[in-house]
Amino acid sequence: MRESLTTRVRGALWVLPALGLVLVFVYYPIVENVRLSFFHWSAFSPRPRFIGLDNYREAWHDPVFWQALRNNIAYAVISVTVQVGFSLVLAALLEDHVGRRLRGFLRTIYFIPAALSITVAGMLFQFLYDPHIGLLNRFLGAVGLHSFEHSWLGESHTAIWGVIAMSQWQSFGYTAVLFVVAIQRIPREYYEAARVDGAGKIRSFFVITLPMVREMTTLVVIVTVSGAFLVFNEVMVMTAGGPSNSSQVLGTWLYQSAFVNDDMGYASAIATIIFLITLLAAAAQLLYARRRRVET
């Protein structure tokens, strides 16, 4: 009994340094940010002034905040569709229809964009979208689709979609490789038994592959949705939220409110809202995955 207690105490002592770092650098900033969201303060104010929920009321009546939230939601929906749905289909095709040597080469090709920095990828797509020398408009003109040519990052109705497209291009291969790893862990005997029972490729995908990669799917969905609401670098590099705030996301609007408009309290309120959205999205996905695991 005493040895067991001593072992537990020693284990706790090993954990304490890491726990202390998490408390100081993760949980304390979160609590402090929530507290500051109830104050009006700036870099030049002598002390924060308590204003209650006024910062949240300002967000409720702020059209740019709602535009940014809509852009984040669109970002999340498209990211889940592409980085989860399409990536899983691509991974299944790579594992089932492509030879072993070519399979490794294609995985490398698909993963290369994820190895690029966001700044480099953003600059590449800026050249691609350039209205005068960009490859996209040149291609559209070459095939006779002149009416579809745009200043992709300079028009309010196309800017955010251009940023989202770049982000999907960069992340698609990475999530596909994650699904490839998950599919490789499925015993081949399952597919052989399904083939003996007369199941085709599509049916095997839905009754074997999908259920067996559920844990990886849950992880990728959580990371993808959280990333969609935390997105910052892609927008800042390509459009900085313009034109006319049409491509603002919550992260860039937080930055502008804090460091351009010098309204730290309002920026703290936006940060709190981002935290709550990502926390609730992750909790809902984990709860759904746990219920599905119990049902099966």
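These figures come from a predicted structure and were not determined experimentally.
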The test is ring-ring contact (aromatic ring centres under 6.0 Å, His included); show your working for Trp161 and Trp152 and say whether it passes. CA-CA 9 Å; Trp161 307 112; Trp152 297 97; over 10 Å; no

Let's go through Met264 and Phe259 carefully: what are the C-alpha distance in whole Å and the side-chain angles of both, what is the deciding distance for side-chain contact (heavy atoms from CB on, under 4.5 Å) to 0.1 Å, and is it a yes or a no? CA-CA 8 Å; Met264 297 293 183; Phe259 302 109; 4.2 Å; yes

Report the C-alpha distance between Ser247 and Thr239 in whole Å, list the side-chain angles of each, state the deciding distance to 0.1 Å, and finish with yes or no for side chain to side chain donor-acceptor pair (under 3.5 Å). CA-CA 7 Å; Ser247 63; Thr239 66; 2.7 Å; yes

Start with the C-alpha gap between Leu69 and Ile277, add the side-chain angles, then the distance that decides, and say whether side-chain contact (heavy atoms from CB on, under 4.5 Å) holds. CA-CA 10 Å; Leu69 181 59; Ile277 291 173; 3.9 Å; yes

Side chain to side chain donor-acceptor pair (under 3.5 Å) between Ser268 and Ser37, intermediate numbers included: CA-CA 5 Å; Ser268 297; Ser37 69; over 6 Å; no

What do the steps show when you test Asn261 against Tyr266 for side chain to side chain donor-acceptor pair (under 3.5 Å), and what is the final call? CA-CA 10 Å; Asn261 302 336; Tyr266 183 48; over 6 Å; no

Apply side chain to side chain donor-acceptor pair (under 3.5 Å) to residues Thr119 and Asn233 and explain how you reach the verdict. CA-CA 8 Å; Thr119 303; Asn233 293 332; over 6 Å; no

Going through the distances and angles, do Asp130 and Leu136 end up as a side-chain contact (heavy atoms from CB on, under 4.5 Å)? CA-CA 8 Å; Asp130 188 280; Leu136 181 55; over 6 Å; no

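Put simply, the side chain of Asn33 does not reach to within 4.5 Å of the side chain of Phe275, judged on heavy atoms. Contact check for Ser79 versus Gln168: side-chain heavy atoms found under the 4.5 Å cut-off. At least one side-chain heavy atom of Met212 sits less than 4.5 Å from a side-chain heavy atom of Tyr190. Side-chain contact check for Phe179 versus Met216: some heavy-atom pair is nearer than 4.5 Å. Looking at heavy atoms from C-beta onward, Glu234 lies in side-chain contact with Tyr75 at the 4.5 angstrom threshold. Taking the side chain as every heavy atom from C-beta outward, Leu140 and His146 never approach each other to under 4.5 Å. Side-chain contact between Thr278 and Val225 is absent, with no heavy atoms from C-beta onward closer than 4.5 Å. Side-chain contact between Leu88 and Leu210 is present, with at least one heavy-atom pair separated by less than 4.5 Å.
For the pair Leu153 and Pro243, the tightest heavy-atom approach, listed with the atom from each and the gap, is O-CD, 3.7 Å. Between Ile160 and Ser246, the closest heavy-atom pair is CB-O, 4.3 Å. Shortest non-hydrogen contact noted between Leu250 and Phe65 is CD2-CE1, 3.6 Å. The two residues Leu90 and Ala176 have their closest heavy-atom pair at CD2-CB, 4.0 Å. The nearest pair of heavy atoms linking Ile133 to Arg138 is O-NE, 3.9 Å. The two residues Ile270 and Ser257 come nearest to each other via the heavy atoms CD1-OG, 3.9 Å.
Atom CD1 of Ile109 has more than 12 heavy atoms from other residues, nucleotides or ligands within 6.0 Å. The neighbour count for His157 NE2, taken as heavy atoms of other residues, nucleotides or ligands under 6.0 Å away, is above 12. When the shell of 6.0 Å around CZ of Arg185 is examined, it contains 12 or fewer heavy atoms from other residues, nucleotides or ligands. In Tyr255, the OH atom is not crowded: 12 or fewer heavy atoms of neighbouring residues, nucleotides or ligands sit closer than 6.0 Å. A 6.0 Å sphere centred on OH of Tyr191 holds more than 12 heavy atoms belonging to other residues, nucleotides or ligands. Around OH of Tyr174, the count of heavy atoms belonging to other residues, nucleotides or ligands within 6.0 Å does not exceed 12. Taking a 6.0 Å sphere around CZ of Phe232, one finds it holds more than 12 heavy atoms contributed by other residues, nucleotides or ligands.
One distance of note links CG of Asn71 with CD of Gln248; it measures 8.5 Å at 0.5 Å rounding. The distance from atom CZ of Phe38 to atom CG of Asn55, rounded to the nearest 0.5 Å, is 9.0 Å. Annotation: the span from Thr209 atom OG1 to Arg203 atom CZ amounts to 12.5 Å, rounded to 0.5 Å. Here Leu128 contributes atom CG and Gln126 contributes atom CD; the two are 11.0 Å apart, rounded to the nearest 0.5 Å. The CG atom of Leu19 sits 6.5 Å away from atom CG of Leu16, with the distance rounded to the nearest 0.5 Å. In this structure, CD in Glu58 is found 9.5 Å from NE2 in His40, a value given to the nearest 0.5 Å.
A distance-only check finds a donor-acceptor pair linking the side chain of Tyr129 to the backbone of Gly162 [under 3.5 Å]. Between the side chain of Gln67 and the backbone N or O of Asn245, no donor-acceptor pair lies under 3.5 Å. Under a 3.5 Å cut-off, the side chain of Glu155 and the backbone N or O of Ser151 do form a donor-acceptor pair. No donor-acceptor pair closer than 3.5 Å links the side chain of Ser226 to the backbone N or O of Val223. Put simply, the side chain of Gln170 never gets that close to the backbone of Ala114: no donor and acceptor are under 3.5 Å apart. Side chain of Trp41 to main chain of Arg47: no donor-acceptor pair is present (N/O by atom type, distance under 3.5 Å, no hydrogens or angles). Using a distance-only test at 3.5 Å, with no hydrogens or angles considered, a donor-acceptor pair links the side chain of Asn72 to the main chain of Ala228. Side chain of Thr175 to main chain of Ser87: no donor-acceptor pair is present (N/O by atom type, distance under 3.5 Å, no hydrogens or angles).
Under the 4.5 Å side-chain heavy-atom criterion for ILVMFWY residues, no single connected hydrophobic cluster contains both Ile202 and Phe86. Under the 4.5 Å side-chain heavy-atom criterion for Ile, Leu, Val, Met, Phe, Trp and Tyr, Val220 and Val181 are members of distinct hydrophobic clusters. Both Met236 and Leu254 are part of a single hydrophobic cluster, where members link through side-chain heavy atoms under 4.5 Å apart. Residues Val213 and Val177 share a hydrophobic cluster, clusters being chains of Ile/Leu/Val/Met/Phe/Trp/Tyr side chains in contact below 4.5 Å. One hydrophobic cluster holds both Val77 and Trp66 under the rule that ILVMFWY side chains link at heavy-atom gaps under 4.5 Å.
Between Phe229 and the options Val249, Ile273, Ile73, a side chain to side chain contact (heavy atoms under 4.5 Å, CB included) holds for only Ile73.
Salt bridge Arg35/Glu32: present, at least one basic N to carboxylate O contact under 4.0 Å.
Listed by first and then second residue, the salt bridge (Lys or Arg N to Asp or Glu O under 4.0 Å) pairs involving residues 248-257 amount to none (not counting sequence neighbours).
Aromatic ring orientation, Trp169 versus Phe125: tilted (interplanar angle from 30° to 60°).
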